[in-house]
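In what follows, a single structure is set out as structure tokens and then discussed.
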Protein chains: 2
Amino acid sequence: MAASINDVAQAVGVSASTVSRALRGKAGVSDDVRSRIVEAAADLGYVASRSASSLAGGRTFTVGVIAPYVGRWFFGTVLDAAEDVLSAAGYDLLLYNLGPREARKRFFAELPVRKRVDALLSLLIPDEAEGLALRSLGVPLATTVGAPRPGFTVVGIDDRAGAQAAVRHLVNLGHRRIGMIAGASGPLHWTAPVERRRAYLDVLAEAGIACDPALEVDGDYTVQGGQRAMTQLLAVPNPPTAVFAQSDEMAMGALRALRLHRLKVPEDISVVGFDDHELSEVVGLTTIAQPVAEQGAEAARLLLNQLDEPGAVRPGHVTMPIRLVLRDTTAPPRNGR
Amino acid sequence: MAASINDVAQAVGVSASTVSRALRGKAGVSDDVRSRIVEAAADLGYVASRSASSLAGGRTFTVGVIAPYVGRWFFGTVLDAAEDVLSAAGYDLLLYNLGPREARKRFFAELPVRKRVDALLSLLIPDEAEGLALRSLGVPLATTVGAPRPGFTVVGIDDRAGAQAAVRHLVNLGHRRIGMIAGASGPLHWTAPVERRRAYLDVLAEAGIACDPALEVDGDYTVQGGQRAMTQLLAVPNPPTAVFAQSDEMAMGALRALRLHRLKVPEDISVVGFDDHELSEVVGLTTIAQPVAEQGAEAARLLLNQLDEPGAVRPGHVTMPIRLVLRDTTAPPRNGR
DNA sequence: CTGTTAGCGCATTCAG
DNA sequence: CTGAATGCGCTAACAG
């Protein structure tokens, strides 16, 4: 059997409470006794049982993270960074993968994190009801995809500004016929697709370009979806000379579709993405870069702050910088059309 | 305060043990009482505290997963699939990100999972000492990257066969000068780099091609590393006409390097990768496909089996199928040389 | 079928 | 500075 606190106490000849205090660095233990305890604990390979200390102390030292599709670069990277911060602070990370519709429903129906976490980081935007459910947990809440929900600390970017930069870049190159591959705006209650679309429309308007609903196609935030969307755009009577994809993954799908159609990028058509996916450099994709790992790390840090000073820290909102990264997929339209 | 088991018991007018039995689906509770308990629990929003039940029951209902770099597609995808299986079975997933060297050291030094998990899934290969440390936990162990360590259930692929297929493909196309971008074999104690290298050498030998150490370059399993490696290969006096990259990420880096050097793929040089990364199709990369998500799911399932029938199930070894996927990055050498 | 009795292993009072 | 007592919320025998 694994050693318990009493084994250590017995070995050193002190009481369990003293061992508890000593090992947690609490004041009120003489240096001599403390060091003997630390040594004995190491000898016996003792670690406090999380279950027992949680039960007794009322804290789980665990942070829950709910994310859709960890396999996607964006979420995986955020998760990765958050884990580093949390584990360095002695917190465990409990992962809930809420990609499949059904998993998500089950999660909010049963709320398995109840009594299991001290704080929660959501990498997806809860809708009203879900946000309410999470708030009922009574723990600090944060999210990294930028929906300003009450009670949540949010770490995000200015989606509107990013999308504006992307579309303006195309306009400045001389494009007048600009398509958009959008992210599904329905199920995830995400603000990004909405904001990015609005930016697209704003920039077109400000450039005096009439928008054409046929040039807006949904790409579902996936490579496959992007490819389908691009194919659809090419079938439009008067196809676009440039396309703004709301994510790099969709942009890559678009590039694939263009290759299959034997169209050259950027000569025949320009493409700009969003995210600066790790592989975007490889394919030379012009895109809007956002600090992905930093968002995860920062969200985790803010959560830890709230844990340290309960009540003192108000849920805040931090906006991370973005920037246009020029690479090889954008150029002026063929004949200045 | 959140409702406790006694609140439910009191509400229904039964004892706490009956509530416990009823809610966990144990036999020995009348249908009538059970349904009243279920209803009351729902009313009160009661969920059992994990800490308390773990402490009392001796099981944590949690599986630990240790992984390097969750942000990488391969690991993220495995993790994703494993989580689905585990959460469907009522288990939580505790994630430990052991990418940074220092995090890894700390993990094995302190072994924070002690008393915290019922089983452990390792997405990295522990070396001897680490394997021993993990075995000392006394819980079912599994790994998905194929190192046959004693005490571990391993789910993997036949790396040798996969690499052989890749290199043979190049040989069959007529290439005689074949380079390899290898994965770092040092720190991670991975068998994949070793096996894949061996396959490379075997196939060259069987084709009567003398191997040239200058054609073996390390790519560190990253895009950047692959790019550097390719650049290095191009600087060799008599550069290769084809390259086998031990991962798709490195292959993509190689493609980038080739593009920068204005070399055409596959006309000037052929490239074959390994993994079938989600974006390989986008860049048209010829590669060896392996079922990534399935490996995570299967490993999780095997762990659950061992949890269900303690002792009965021996750690096993399952090998998943691989296949060569022909796309656009391989062709015969320019002048049949 | 149900209630009673004991802990699970620790953190936290309160004394000393 | 240290020890003894108490309880965190639940599960697992054991009775009945």
Side-chain angles (χ1 to χ4, degrees), chain A residues 1-38 40-41 44-62 90 92 112-118 138, chain B residues 1-38 40-41 44-62 90 92 112-118 138 307 310:
Chain A
M1 256 333 273
S4 85
I5 197 170
N6 289 308
D7 298 328
V8 179
Q10 206 160 22
V12 181
V14 295
S15 74
S17 1
T18 302
V19 174
S20 174
R21 283 188 284 253
L23 260 20
R24 284 178 306 142
K26 295 264 171 186
V29 182
S30 70
D31 286 352
D32 172 48
V33 172
R34 188 189 299 272
S35 67
R36 279 165 51 214
I37 289 177
V38 168
L44 296 170
Y46 168 76
V47 225
S49 147
R50 246 325 148 63
S51 314
S53 30
S54 298
L55 187 56
R59 297 189 324 172
T60 63
F61 283 98
T62 298
D92 279 337
V113 285
R114 271 182 294 180
K115 305 182 185 171
R116 268 180 235 184
V117 300
D118 291 340
Chain B
M1 260 328 274
S4 84
I5 197 171
N6 288 309
D7 297 330
V8 179
Q10 206 160 24
V12 181
V14 296
S15 75
S17 4
T18 301
V19 173
S20 174
R21 282 188 287 252
L23 258 23
R24 285 178 304 142
K26 295 263 173 186
V29 182
S30 70
D31 286 353
D32 172 47
V33 172
R34 188 189 300 271
S35 68
R36 277 164 53 213
I37 290 177
V38 168
L44 297 170
Y46 168 75
V47 229
S49 147
R50 254 306 154 70
S51 315
S53 32
S54 299
L55 188 55
R59 298 188 324 172
T60 63
F61 282 98
T62 299
D92 279 337
V113 283
R114 271 181 294 180
K115 305 182 184 172
R116 267 178 235 185
V117 301
D118 291 341
L307 252 17

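Every chain is numbered from 1, with letters handed out A, B, ... down the list of sequences. Just so it is clear, the model here is predicted, and its values are computed rather than measured.
Residue B/R21 is the one, among B/R21 and B/G57, whose nearest nucleotide of DNA chain C lies closer to the 5' end (criterion: closest heavy atom).
Distance A/I37 CD1 to D/dG3 C1': 12 Å, rounded to the nearest Å. At whole-Å resolution of the value, CZ in A/R59 and P in C/dC10 are 17 Å apart. Distance CG (B/L55) to C1' (D/dG7): 12 Å, rounded to an integer number of Å. Residue B/R36 contributes atom CZ, which lies 15 Å from atom P of C/dC1 at whole-angstrom precision. If you measure from atom CG of A/L23 to atom C1' of C/dC10, you get 12 Å, rounded to the nearest angstrom. Atom CG in A/D7 sits roughly 9 Å away from atom P in C/dG9 (whole-Å rounding). Rounded to whole Å, the distance from CG on A/D32 to P on D/dC1 is 12 Å. When the C1' atom of C/dC10 is taken as reference, atom CZ of B/R50 falls 19 Å away, rounded to whole Å.
A/S49 comes within 4.0 angstrom of sugar-phosphate atoms only, judged by non-hydrogen atoms across all strands, and of no base. Within 4.0 Å of A/G28, counting heavy atoms only, lies at least one base atom of the nucleic acid. Among the protein residues, B/S53 comes within range of the sugar-phosphate backbone only, with heavy atoms under 4.0 Å from sugar or phosphate atoms but none that close to a base.
Nearest to the side-chain atoms of B/I5 among the listed nucleotides D/dG3, C/dT4, D/dT11 stands D/dT11. Out of D/dC10, D/dG3, D/dC8, the shortest distance to the side chain of B/S4 is found at D/dC10.
Under 4.0 angstrom from either OP1 or OP2 of C/dG3 there lies at least one side-chain N or O belonging to B/S15. In terms of phosphate contacts, A/R24 brings a side-chain nitrogen or oxygen within less than 4.0 Å of OP1 or OP2 of C/dA11. Distances shown here put every side-chain N or O of B/K26 at or beyond 4.0 Å from the OP1 or OP2 atom of D/dT11. The phosphate of C/dT2 (OP1 or OP2) has no side-chain N or O of B/T18 nearer than 4.0 angstrom. Not one side-chain nitrogen or oxygen of A/S51 sits closer than 4.0 Å to the OP1 or OP2 atom of C/dG9. Phosphate contact (OP1/OP2 of C/dC1, side-chain N/O of B/S30, threshold under 4.0 Å): absent.
Note that the OG atom of B/S4 and the CD atom of B/Q10 stand 8.5 Å from one another [nearest 0.5 Å].
Shown here for A/V29 and A/A22, the closest heavy-atom pair between the two residues is CG2-N, 4.0 Å. Taking each heavy atom of A/V8 and A/V19 in turn, the nearest pair found is CG1-CG1, 3.9 Å.
You'll find a donor-acceptor pair under 3.5 Å spanning the side chain of A/S17 and the base of D/dA4, going by distance alone.
Side-chain contact between B/K115 and A/Y46: present, with at least one pair of heavy atoms (C-beta onward) separated by less than 4.5 Å.
A side-chain donor-acceptor contact under 3.5 Å links A/R114 to the backbone of B/G45. Judged purely by atom type and a 3.5 angstrom limit, A/R50 has no side-chain atom pairing as donor or acceptor with the backbone of A/T62.
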